[in-house]
Number of protein chains: 2
Amino acid sequence: MLDVSDLEATRQRSAAVARALADSKRLCVLQCLAEGELSVRDLSDRVGCQVPNMSQHLAVLRNSGLVLTRRDGNVIYYRLADVRILEACRLLQSISS
Amino acid sequence: MLDVSDLEATRQRSAAVARALADSKRLCVLQCLAEGELSVRDLSDRVGCQVPNMSQHLAVLRNSGLVLTRRDGNVIYYRLADVRILEACRLLQSISS
DNA sequence: TCGCTACTTGCGTAGTTGCGCAATCTGTTG
DNA sequence: CAACAGATTGCGCAACTACGCAAGTAGCGA
């Protein structure tokens with residue numbers, strides 16, 4: 001019904017996604033995941049940070065719904081939740097250049 | 001030459017744009033500006049905040065290159081710097097829904 | 001010049017974020 | 001069971017952010 005508070009709620013969700021994208025390491029994670037799923041250690045190696053730190057960044061991406069997980073034994077594989085996320089990364093890059 | 005530090009610098013710039021988008025009020029500002037240029041007071045009225053607060057949000061958008069200004073007398077009009085910014089807003093909304 | 005409006009800036013505060021480190025949890029293997 | 005690897009969580013700290021409020025700057029008209 002075009003409620004003002006609905007528009008605000010929508011903006012809040014959009015802002016939450018933007019906040020998840022507002023970190024260089026998390027953008028790097030998403031770009032790495034473009035090639036396929038990776039474990040936490042794989043990602044921490046590629047991004048160049050410690051495993052607990054990576055786990056916290058992945059929690060941010062998880063809570064924003066940008067990544068999904070799959071457990072295989074004691075390894076957890078992360079993957080992109082939506083191809084549009086890569087589109088968003090490219091668009092951010094395009095705007096910022 | 002596909003330098004790793006260049007990729008990192010690119011991600012930093014992209015992250016900076018995302019950070020500018022990572023606020024509900026600033027998203028509201030950008031959506032208001034989709035219809036055309038507006039003054040600071042216009043924007044603070046529409047968004048529902050005090051003028052100094054709006055001025056600070058506009059400074060964030062300005063420093064990220066998302067908006068441009070034009071002075072007419074003692075009124076400063078803000079406008080979008082790039083139509084792709086609206087595309088980014090729509091994409092964020094699409095991802096977050 | 002004075003007074004007014006439009007806008008920006010500085011400051012203090014409360015809340016948030018990213019990070020390293022230690023501790024903990026979870027699942028596998030011997 | 002014990003020992004181990006993979007991953008998450010909790011804690012403390014430094015840096016940053018949004019906000020309200022007060023003060024300052026810029027331009028216009030009397």
Side-chain angles (χ1 to χ4, degrees), chain A residues 8-9 11-33 36-81 92, chain B residues 8-9 11-30 32-33 36-79:
Chain A
E8 173 59 17
R11 279 193 296 269
Q12 288 283 359
R13 287 199 308 276
S14 300
V17 170
R19 211 175 308 123
L21 296 175
D23 182 276
S24 164
K25 288 182 180 171
R26 288 198 290 269
L27 289 177
C28 189
V29 166
L30 295 173
Q31 287 167 357
C32 289
L33 294 181
E37 61 181 15
L38 290 170
S39 71
V40 178
R41 171 150 295 283
D42 288 341
L43 287 167
S44 71
D45 286 346
R46 298 202 187 203
V47 173
C49 70
Q50 298 190 354
V51 171
N53 185 11
M54 176 52 63
S55 186
Q56 289 173 327
H57 281 301
L58 289 171
V60 172
L61 294 173
R62 236 188 301 122
N63 294 331
S64 305
L66 300 187
V67 297
L68 299 174
T69 61
R70 175 180 71 86
R71 176 180 278 275
D72 181 18
N74 57 354
V75 177
I76 297 181
Y77 289 99
Y78 280 80
R79 66 180 186 277
L80 294 176
L92 287 174
Chain B
E8 174 57 18
R11 278 192 297 267
Q12 289 282 0
R13 287 200 309 275
S14 301
V17 170
R19 213 175 304 122
L21 297 175
D23 182 277
S24 164
K25 289 182 179 170
R26 288 198 290 270
L27 288 178
C28 189
V29 166
L30 296 174
C32 290
L33 293 180
E37 62 182 15
L38 290 169
S39 71
V40 178
R41 171 150 294 281
D42 288 340
L43 287 167
S44 71
D45 286 347
R46 300 200 184 204
V47 173
C49 70
Q50 299 191 354
V51 172
N53 186 9
M54 176 52 63
S55 186
Q56 288 172 329
H57 281 300
L58 290 170
V60 171
L61 293 173
R62 235 188 299 123
N63 293 333
S64 306
L66 300 188
V67 296
L68 299 173
T69 62
R70 175 180 72 86
R71 175 181 279 274
D72 180 18
N74 58 353
V75 177
I76 298 181
Y77 290 99
Y78 280 79
R79 66 181 186 278

Visitor: Name all pairs fulfilling the salt bridge (charged side-chain N to carboxylate O under 4.0 Å, His left out) condition that reach into residues 39-49 of chain B, sequence neighbours left out, sorted by first residue then second.
Guide: B:Glu35-B:Arg46, B:Arg41-B:Asp45
Visitor: Identify, with sequence neighbours excluded, every residue that meets side chain to side chain donor-acceptor pair (under 3.5 Å) alongside B:Gln12.
Guide: B:Glu8
Visitor: Residues two or more places apart in sequence or in another chain: which of them pass side-chain contact (heavy atoms from CB on, under 4.5 Å) with B:Ala20?
Guide: B:Val60, B:Leu61, B:Ser64, B:Leu66
Visitor: Can you name the nearest heavy-atom pair linking B:Arg19 to B:Arg26, along with the distance?
Guide: O-NH2, 3.1 Å
Visitor: Sugar-phosphate atoms are those with a prime plus P, OP1 and OP2; base atoms are the rest. Using that split, label each nucleotide of nucleotides 7-12 of chain C B, S or - for protein heavy atoms under 4.0 Å, 5' to 3'.
Guide: SBBBB-
Visitor: Residues in side-chain contact (heavy atoms from CB on, under 4.5 Å) with B:Arg71, at least two apart?
Guide: B:Asn74, B:Ile76
Visitor: Mind listing the closest non-hydrogen atom pair of B:Ala15 and A:Leu27 along with its distance?
Guide: N-CD1, 3.7 Å
Visitor: Anything under 4.0 Å to a heavy atom of chain A counts; send over the first and last such nucleotide of DNA chain D, read 5' to 3'.
Guide: D:dA5 to D:dC11
Visitor: Is any side-chain heavy atom of B:Leu43 less than 4.5 Å from a side-chain heavy atom of B:His57?
Guide: no
